[in-house]
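Computed from a prediction, not measured in an experiment: that's the story for all the values here. Letters go in sequence order (proteins before strands), and every chain restarts at 1.
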Amino acid sequence: MTKSPDNLLPLTPAVFHILLALADGELHGYAIMQDVAWQTNDALQLGPGTLYGCLKRMLAAGLVVESNKRPEPSEDDERRRYYRATPLGQRTVRAEAERLAGAVTAARSKRLFDVKAEGKA
Amino acid sequence: MTKWISRIYSMFLYAYPREFRLEYGREMELMFRDRCRELERRNDRWKMLSFFAQSTADWITTIFRERSAPQRGFAAEWAVSILIYLFATTTLVQAYVIPTGSMEGNLRVGDHLLVDRAVYADPGAFGRHILPYRDVKRGDIIVFTAPADPRETLVKRVIGLPGDRIRLENKQVIRNGHRLIEPYTQHVSPATDSYRDYFPAPPDAYVSTGGLDMLQHHVTNGEVIVPPGSLFAMGDNRDNSLDSRYWGFVPRQSVLGKPLIVYWSFDAPTADLEEWTARHVFDVMEHFFSRTRWERTLLVPKTQEAIEGEAR
């Protein structure tokens with residue numbers, strides 16, 4: 001039996017952006033923080049406590065796993081841990097992205113974006 | 001600096017629940033250190049300041065979040081958090097404000113500092129692995145209890161260590177027979193003074209009991225010899241500084257620490273900085289933006305070694 005992502009939605013912004021950061025591959029904590037800052041144009045700066053608090057809960061929910069790969073041991077600090085999204089994590093981030101896309105469509109149908117464009121013009 | 005701050009950060013992690021800290025503490029420390037390094041490389045003080053503010057907020061919210069799950073020893077764990085906070089703010093760092101201009105040129109009247117109290121306090125064989133520690137060096141800026149008045153805290157620069165021979169000749173320090181070139185000093189008066197600038201000549205101004213004791217018992221061949229367990233310290237603003245020349249040596253035990261960082265510099269008169277009066281509070285509220293010296297925020301006062309010139 002495969003778990004469904006449905007009862008995990010909606011995700012908190014931190015969890016969503018962490019999963020999004022892990023969509024391209026495995027990363028360590030600091031790289032996750034940098035990727036999230038990049039995705040959100042610096043609007044979301046994850047502190048160490050928030051990030052590892054989220055990762056702890058995401059590990060428990062089976063959204064991510066610790067990776068045993070240690071890329072480039074010469075350059076890298078070997079004590080550093082890498083994280084990877086599980087298949088459930090990948091399905092969940094996709095479902096959440098679809099949910100958000102739906103929300104954007106709804107916003108568009110209510111002409112929220114048009115109003116903004118008119119305001120600027 | 002990154003090393004020091006990361007160590008402080010690792011102490012703050014003890015406020016988290018034990019399992020959480022053991023599992024992720026090391027990682028959080030690495031992440032914090034990486035971020036510090038990156039900001040240090042970029043040399044962006046504002047980013048640095050906002051990062052510290054964010055980290056504090058992150059620390060507090062994480063304590064609440066990780067503690068919100070009911071668990072054993074709830075009250076005890078909270079007590080630990082509070083103790084860590086008190087320990088960090090009293091034993092490791094202390095706030096201090098520069099009231100007078102004796103270090104002008106490097107530290108200005110109204111500079112609010114954090115003092116690193118851990119650096120000169122030997123934490124013992126075990127603690128040395130956790131806390132940064134080193135002994136006082138020549139050229140260090142030190143914060144210490146005034147030898148003449150224990151209620152007063154002073155900040156000066158270390159010129160002589162135990163065994164050093166010190167004298168002044170026409171405003172220049174001669175240490176162990178070498179004329180010192182001191183790039184950190186400032187002179188405001190072209191006139192010379194027969195005591196201040198030719199120390200240890202017969203005094204022409206008020207010299208405290210400690211100063212007289214130094215002149216009577218520790219002068220050999222026209223030079224002061226710093227006794228064991230003592231330091232000779234002077235202000236960088238040499239012509240306008242009441243220092244070891246006037247009140248004698250600083251006992252090593254009186255040293256509280258060294259300035260770590262200027263967190264706020266506000267242009268205010270000496271009297272206001274010594275005590276918070278209602279008038280000063282209004283003054284700060286009214287002129288906070290215009291009289292804060294923004295360019296001094298997050299300045300790090302540095303140890304500066306004098307260059308030893310020709311032998312005399």
- request: Report yes if some heavy atom in the side chain of E19(B) is under 4.5 Å from a heavy atom in the side chain of K56(A); otherwise report no.
  value: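 Of all side-chain heavy-atom pairs linking K56(A) with E19(B), none is under 4.5 Å.
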task: With the side chain counted from C-beta on, respond yes when M31(B) and I32(A) share a heavy-atom pair under 4.5 Å apart, and no when they do not.
output: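 Answer no - side chains too far apart.
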field: Interatomic distance, Q45(A) atom CD to K47(B) atom NZ [nearest 0.5 angstrom]
entry: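 These two atoms lie 8.0 Å from each other.
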- prompt: Rounded to the nearest 0.5 Å, how far does CD of E27(B) lie from CG of L51(A)?
  reply: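 The CD atom of E27(B) is 9.5 Å from CG of L51(A), to the nearest 0.5 Å.
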task: Would you indicate whether Y263(B), at its atom OH, is surrounded by more than 12 heavy atoms from other residues, nucleotides or ligands within a distance under 6.0 Å?
output: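 Yes, OH of Y263(B) has more than 12 neighbouring heavy atoms, counting only those of other groups under 6.0 Å.
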- prompt: Under 6.0 Å from the CG atom of D42(A), do we count more than 12 heavy atoms belonging to anything else shown?
  reply: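 Yes, because the 6.0 Å sphere around CG of D42(A) holds more than 12 heavy atoms from other groups.
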task: Tell me, please, which residues at least two apart from F288(B) pass side chain to side chain contact (heavy atoms under 4.5 Å, CB included).
output: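 Partners of F288(B) by the side chain to side chain contact (heavy atoms under 4.5 Å, CB included) criterion, ordered by chain and then number, come out as W264(B), V284(B), T292(B), W294(B).
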field: Under the side chain to side chain contact (heavy atoms under 4.5 Å, CB included) test, residues paired with D34(B) that sit two or more places apart
entry: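 For D34(B), the residues satisfying side chain to side chain contact (heavy atoms under 4.5 Å, CB included) (neighbours in sequence not counted) are Y30(A), R80(A).
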- prompt: At a heavy-atom separation under 4.5 Å, does E23(B) approach chain A through its side chain, its backbone, both, or neither?
  reply: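 E23(B) touches chain A through backbone and side-chain heavy atoms alike.
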field: chain A contact residues among residues 50-60 of chain B, heavy-atom distance under 4.5 Å
entry: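 Within residues 50-60 of chain B, the residues under 4.5 Å from chain A are Q54(B), D58(B).
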Can you name the closest pair of heavy atoms from [X] and [Y] and give their distance?
{"X": "T62(B)", "Y": "T50(A)", "result": "OG1-N, 3.5 Å"}
{"X": "G49(A)", "Y": "F20(B)", "result": "O-CZ, 4.1 Å"}
{"X": "Y24(B)", "Y": "Y83(A)", "result": "CE2-OH, 3.7 Å"}

Side-chain donor/acceptor pairs under 3.5 Å, residues 7-20 of chain A, sequence neighbours excluded:
| residue | atom | partner | partner atom | Å |
| --- | --- | --- | --- | --- |
| T12(A) | OG1 | V15(A) | N | 3.3 |
| H17(A) | ND1 | Q39(A) | OE1 | 2.7 |

